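Read through the structure below, which is laid out as structure tokens, and then see the notes.
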Amino acid sequence: MPSAEGGLLGELQTQMHEPGAYSKSEHSIETPHGLLHVTLHGTSNTRRPAILTFHDVGLDSKSCFSPLFKFEEMQEIVKNFTLVHIDAPGQEEGATAYPMGYQYPSMELISSSLHNTYSVEGLVLINMDPETRGWMDWAAQKITTLTSSITEQILSHLFSQEEMSANADLVRSHRDRISKAPNLINIELFWRSYNSRRDLIIDRNSNFKCPVMLVVGDQAPHEEAAVECNSKLDPTTTSFLKMADAGGLPQLTQPSKLTEAFKYFIQGMGYMASSIMTRLSRSRTASLSSSYSMDGERQRSRTLSQSSQGGQMPPSPSHTMEVSC
């Protein structure tokens with residue numbers, strides 16, 4: 001987890017009323033680029049590592065991650081970590097609408113607000129798309145902007161056409177939530193900021209300096225982008241999870257599969273070494289391929305879960321894990 005001496009989590013810990021007691025609390029943290037709404041679950045114990053989440057466009061921390069972290073099989077993980085859910089500026093449920101002409105921060109500025117004071121031990125990326133739109137995609141987006149509402153544009157980002165037909169109830173619930181949101185102008189500003197982002201320069205010479213797990217559904221609109229991203233990362237530190245029968249929001253539609261893979265990923269970093277695996281650990285080796293499909297097809301040999309001895313927590317308290325969607 002991050003050091004309590006400064007930064008976002010350090011400020012949160014100073015606001016908690018009962019040190020050592022488990023609690024849920026909500027905070028507004030001032031940053032150079034506006035207020036960030038943060039929901040914290042856990043204790044102020046500085047030895048407890050943190051899982052930090054950041055949601056996708058068109059979602060907030062609640063709609064993106066609450067079902068996953070409330071899932072029964074996830075509770076074994078939750079009790080060992082402090083959860084820090086961060087909402088992008090103005091995206092939290094009940095947020096006040098920004099006035100006309102408000103200058104929304106770029107994705108790069110938002111990122112700098114989150115990462116300046118953190119030492120990241122592991123990174124989980126769901127539906128990762130590191131590249132901006134090409135000219136053809138840009139032209140198609142311009143046409144879509146003229147013919148489709150903001151709500152429909154965002155839904156096409158979250159769900160594939162196949163998923164919109166197969167998962168009509170889920171799509172309908174998100175359509176209603178977005179279209180009726182009092183802060184719809186804020187959602188639109190975040191959408192524009194996302195579409196104006198710069199490419200992430202990813203290659204094996206300028207890689208992430210921590211283990212990475214890429215997650216994508218086989219029916220997700222960003223499947224090809226995630227596969228391409230995986231091809232550019234160091235295979236010795238990257239795990240690729242392609243989930244069968246899952247779309248753009250696998251954390252909502254396949255929470256059991258994602259929880260199991262997440263647990264393996266955590267164990268690979270030395271946490272929860274004594275945890276008992278279930279469906280995915282029927283072999284004697286207790287290992288999982290670093291690139292695999294949840295329908296059982298094995299593609300690479302590097303194991304996602306590495307052996308840990310004694311179940312001891314790593315000595316350094318200054319780490320966090322991020323889960324972005």
Side-chain angles (χ1 to χ4, degrees), residues 1-56 58-98 105 110-124 126 177 181-183 186-187 190 251-252 255 259 262 266 271-272 313 316-325:
M1 64 176 282
S3 170
E5 295 178 359
L8 181 62
L9 193 58
E11 183 170 345
L12 289 171
Q13 289 171 339
T14 64
Q15 297 182 29
M16 297 184 73
H17 301 296
E18 299 181 35
Y22 188 90
S23 64
K24 172 187 175 181
S25 54
E26 298 186 31
H27 307 268
S28 294
I29 305 300
E30 183 72 43
T31 76
H33 312 295
L35 289 175
L36 287 178
H37 178 264
V38 180
T39 304
L40 187 146
H41 297 259
T43 75
S44 58
N45 183 353
T46 59
R47 294 292 300 178
R48 185 184 292 268
I51 296 175
L52 185 150
T53 72
F54 192 78
H55 59 87
D56 200 352
L59 302 170
D60 54 35
S61 61
K62 182 177 180 180
S63 60
C64 190
F65 291 113
S66 284
L68 176 64
F69 285 101
K70 289 180 179 178
F71 187 64
E72 181 179 359
E73 296 174 23
M74 179 63 80
Q75 299 316 300
E76 183 181 11
I77 296 175
V78 169
K79 70 182 181 182
N80 288 288
F81 292 83
T82 295
L83 303 182
V84 183
H85 299 299
I86 299 179
D87 289 291
Q91 305 303 301
E92 69 272 16
E93 190 176 66
T96 302
Y98 289 132
I110 294 174
S111 176
S112 69
S113 297
L114 301 180
H115 297 146
N116 281 348
T117 58
Y118 284 95
S119 176
V120 179
E121 189 174 7
L123 193 62
V124 180
I126 302 177
R177 178 184 56 81
N183 62 333
N186 302 5
I187 297 174
F190 188 29
Q251 72 276 20
L252 303 185
T259 297
F262 189 37
I266 290 172
Y271 296 103
M272 298 177 60
M313 200 69 88
S316 173
S318 59
H319 292 292
T320 185
M321 177 187 302
E322 299 193 11
V323 185
S324 301
C325 176

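These numbers come from a predicted model, not from an experiment. Worth knowing before you read on, the calculation uses all heavy atoms, side chains too, and leaves out hydrogens, waters and symmetry mates.
- Between H41 and F69, a ring centre-to-centre spacing not shorter than 6.0 Å is recorded.
- Residues meeting the side chain to side chain donor-acceptor pair (under 3.5 Å) test with S63, sequence neighbours left out: D60.
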**Study point:** Residue pair E92, S61: steps toward the side chain to side chain contact (heavy atoms under 4.5 Å, CB included) verdict
**Key:** CA-CA 7 Å; E92 69 272 16; S61 61; over 6 Å; no
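- For Q91, the side-chain contact (heavy atoms from CB on, under 4.5 Å) partners two or more places apart in sequence, or in a different chain, are H55, A88, Y104, N186, I187, F190.
- Between the side chain of N183 and the backbone N or O of G90 there is at least one donor-acceptor pair closer than 3.5 Å.
- For the pair E30 and L35, the minimum side-chain heavy-atom distance is below 4.5 Å.
- Across all their heavy atoms, F71 and T259 have their closest contact at CD2-OG1, 3.8 Å.
- Looking only at side-chain heavy atoms (C-beta outward), F81 and M272 come within less than 4.5 Å of each other.
- The distance from the CD atom of E93 to the CG atom of L59 is 12.5 Å, given to the nearest 0.5 Å.
- At a threshold of 4.5 Å between non-hydrogen side-chain atoms, the residues N80 and Y271 do not count as touching.
- When all heavy atoms are compared, the tightest approach of C64 to D56 is SG-N, 4.2 Å.
- Taking all atoms of both residues into account, the shortest heavy-atom contact from V84 to A50 is CG2-CB, 4.5 Å.
- Each of L52, T39, V78, T53 was checked for a side chain to side chain contact (heavy atoms under 4.5 Å, CB included) with L83, and the lone residue meeting it is V78.
- Contact check for T82 versus L40: side-chain heavy atoms found under the 4.5 Å cut-off.
- Residues passing the ring-ring contact (aromatic ring centres under 6.0 Å, His included) test with Y98, sequence neighbours excluded: Y102.
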Review point. Does the pair F65 and I51 meet the rule for a side chain to side chain contact (heavy atoms under 4.5 Å, CB included), with working shown?
Key: CA-CA 12 Å; F65 291 113; I51 296 175; over 6 Å; no
